[in-house]
Enquirer: 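Here it is: the structure, laid out below.
Numbering of residues begins at 1 and proceeds along the displayed sequence.
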Amino acid sequence: MDVLKERKNRYVYLLAVALTIALGLASRRFSDSLPGFIAENTGDMLWAMMVYFGFRVLFLNKSMLFAFILSMLFSFGIEFSQLYQADWINQIRNKWLFGLILGKGFLYVDLIRYTFGIIISVIIDFLGNNLKLRDYK
């Protein structure tokens, strides 16, 4: 992959990270205005999507499968880490930013949300990389 194309791809994935962060924060901020199912599930799905796109930024030349597996391991690892409830880690989790990253309590349903979010990311990534759009000059 040439350097310019690689840089462009990295910027696209960075944009995807930024967009999913913005959408995730908006889904929490405006959750009262969203339908219940969407308000309940969207934030965790978007978090997992951000993780996937973040790994694509870091490992640009690796496969989508690699990013998928890494994203699943990372997301599930964060969720299972919430089973550990020592005072020191809970103090960190009580900080706004770290609470968003680390979560606060283990929920099985979050594993499902993460899985769907990562699958959606892979589909978006696949379509974005494989659809050939006509260049208009």
Enquirer: Would the Phe59 and Phe66 ring centres measure less than 6.0 Å apart?
Expert: yes
Enquirer: Going only through I, L, V, M, F, W and Y residues with side-chain contacts under 4.5 Å, is there a path from Ile101 to Leu111?
Expert: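 Ile101 and Leu111: one cluster.
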Enquirer: Among Gln85, Arg93, Gln91, which one satisfies side-chain contact (heavy atoms from CB on, under 4.5 Å) with Ile89?
Expert: Arg93
Enquirer: Relative to each other, are the rings of Phe76 and Phe80 parallel, tilted or perpendicular (30° and 60° limits)?
Expert: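 Geometry flag for Phe80 against Phe76: tilted rings.
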Enquirer: If you count heavy atoms of other groups shown closer than 6.0 angstrom to CZ of Phe126, is the number above 12?
Expert: no
Enquirer: Can you name the nearest heavy-atom pair linking Thr115 to Met72, along with the distance?
Expert: OG1-CE, 3.4 Å
Enquirer: Any side-chain donor-acceptor pair under 3.5 Å between Asp125 and Asn129?
Expert: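 Distance-only check passes for Asp125 and Asn129.
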Enquirer: Could you tell me the separation between the CG atom of Leu46 and the CG atom of Leu25, rounded to the nearest 0.5 Å?
Expert: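 Atom-to-atom, Leu46:CG and Leu25:CG are 9.5 Å apart.
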Enquirer: Using only atom types and a distance under 3.5 Å, with no angle test, would you say the side chain of Glu79 pairs donor to acceptor with the backbone of Asp110?
Expert: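 No; judged by distance alone, with no hydrogens or angles, the pair does not exist.
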Enquirer: Val17 and Gly54: which non-hydrogen atoms are nearest, and at how many Å?
Expert: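 Looks like CG2-N, 3.5 Å.
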Enquirer: Between Leu102 and Met50, is there a shared hydrophobic cluster once you connect ILVMFWY residues whose side-chain heavy atoms come closer than 4.5 Å?
Expert: yes
Enquirer: Consider side-chain contact (heavy atoms from CB on, under 4.5 Å). Of Phe55, Tyr52, Phe68, which one does Ser121 pass it with?
Expert: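 So, applying the side-chain contact (heavy atoms from CB on, under 4.5 Å) to Ser121 and each of Phe55, Tyr52, Phe68, only Tyr52 qualifies.
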Enquirer: Roughly how far, to the nearest 0.5 Å, is the CG atom of Leu60 from the CD atom of Glu6?
Expert: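 Between atom CD of Glu6 and atom CG of Leu60 there are 5.0 Å.
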Enquirer: Can you hop from Leu15 to Leu127 via hydrophobic side chains spaced under 4.5 Å?
Expert: no
Enquirer: Could you please spell out the steps behind the side-chain contact (heavy atoms from CB on, under 4.5 Å) verdict for Asn94 and Lys104?
Expert: CA-CA 8 Å; Asn94 285 333; Lys104 296 188 179 188; 4.1 Å; yes
Enquirer: When rounded to the nearest 0.5 angstrom, what distance separates CD1 in Ile120 from OG1 in Thr20?
Expert: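 If we round to the nearest 0.5 Å, Ile120:CD1 and Thr20:OG1 are 12.0 Å apart.
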Enquirer: Can you name the nearest heavy-atom pair linking Ser71 to Ala67, along with the distance?
Expert: OG-O, 2.6 Å
Enquirer: Could you tell me the separation between the CG atom of Asn61 and the CG atom of Asn9, rounded to the nearest 0.5 Å?
Expert: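 Nearest 0.5 Å value for the CG-CG distance: 9.0 Å.
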Enquirer: If only atom types and distance count, is the side chain of Arg10 paired as donor or acceptor with the main-chain N or O of Val57 below 3.5 Å?
Expert: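 Here the side-chain-to-backbone pair exists.
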Enquirer: Sort and list the pairs that fulfil ring-ring contact (aromatic ring centres under 6.0 Å, His included) and have at least one residue in residues 26-48, not counting sequence neighbours.
Expert: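 Non-adjacent pairs meeting ring-ring contact (aromatic ring centres under 6.0 Å, His included): Trp47-Tyr114.
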Enquirer: Assess whether side-chain contact (heavy atoms from CB on, under 4.5 Å) is satisfied between Ile112 and Tyr108, documenting all intermediate values.
Expert: CA-CA 7 Å; Ile112 296 167; Tyr108 285 108; over 6 Å; no
Enquirer: Between Ile38 and Ile119, is there shared hydrophobic-cluster membership here, with clusters defined by ILVMFWY side-chain heavy atoms closer than 4.5 Å?
Expert: no
Enquirer: Who else is in Leu4's hydrophobic cluster (ILVMFWY, side-chain heavy atoms under 4.5 Å, direct or via others)?
Expert: none
Enquirer: Residues in side chain to side chain donor-acceptor pair (under 3.5 Å) with Tyr84, at least two apart?
Expert: Trp88
Enquirer: Please answer: with hydrophobic residues joined when any side-chain heavy atoms are less than 4.5 Å apart, are Val122 and Leu19 in the same cluster?
Expert: yes
Enquirer: Quick one: pull up OG in Ser75 and CE in Met49 and give me the separation to the nearest 0.5 Å.
Expert: 12.0 Å
Enquirer: Enter the distance from Ser27:OG to Asp44:CG here, rounded to the nearest 0.5 Å.
Expert: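 The CG atom of Asp44 is 8.5 Å from OG of Ser27, to the nearest 0.5 Å.
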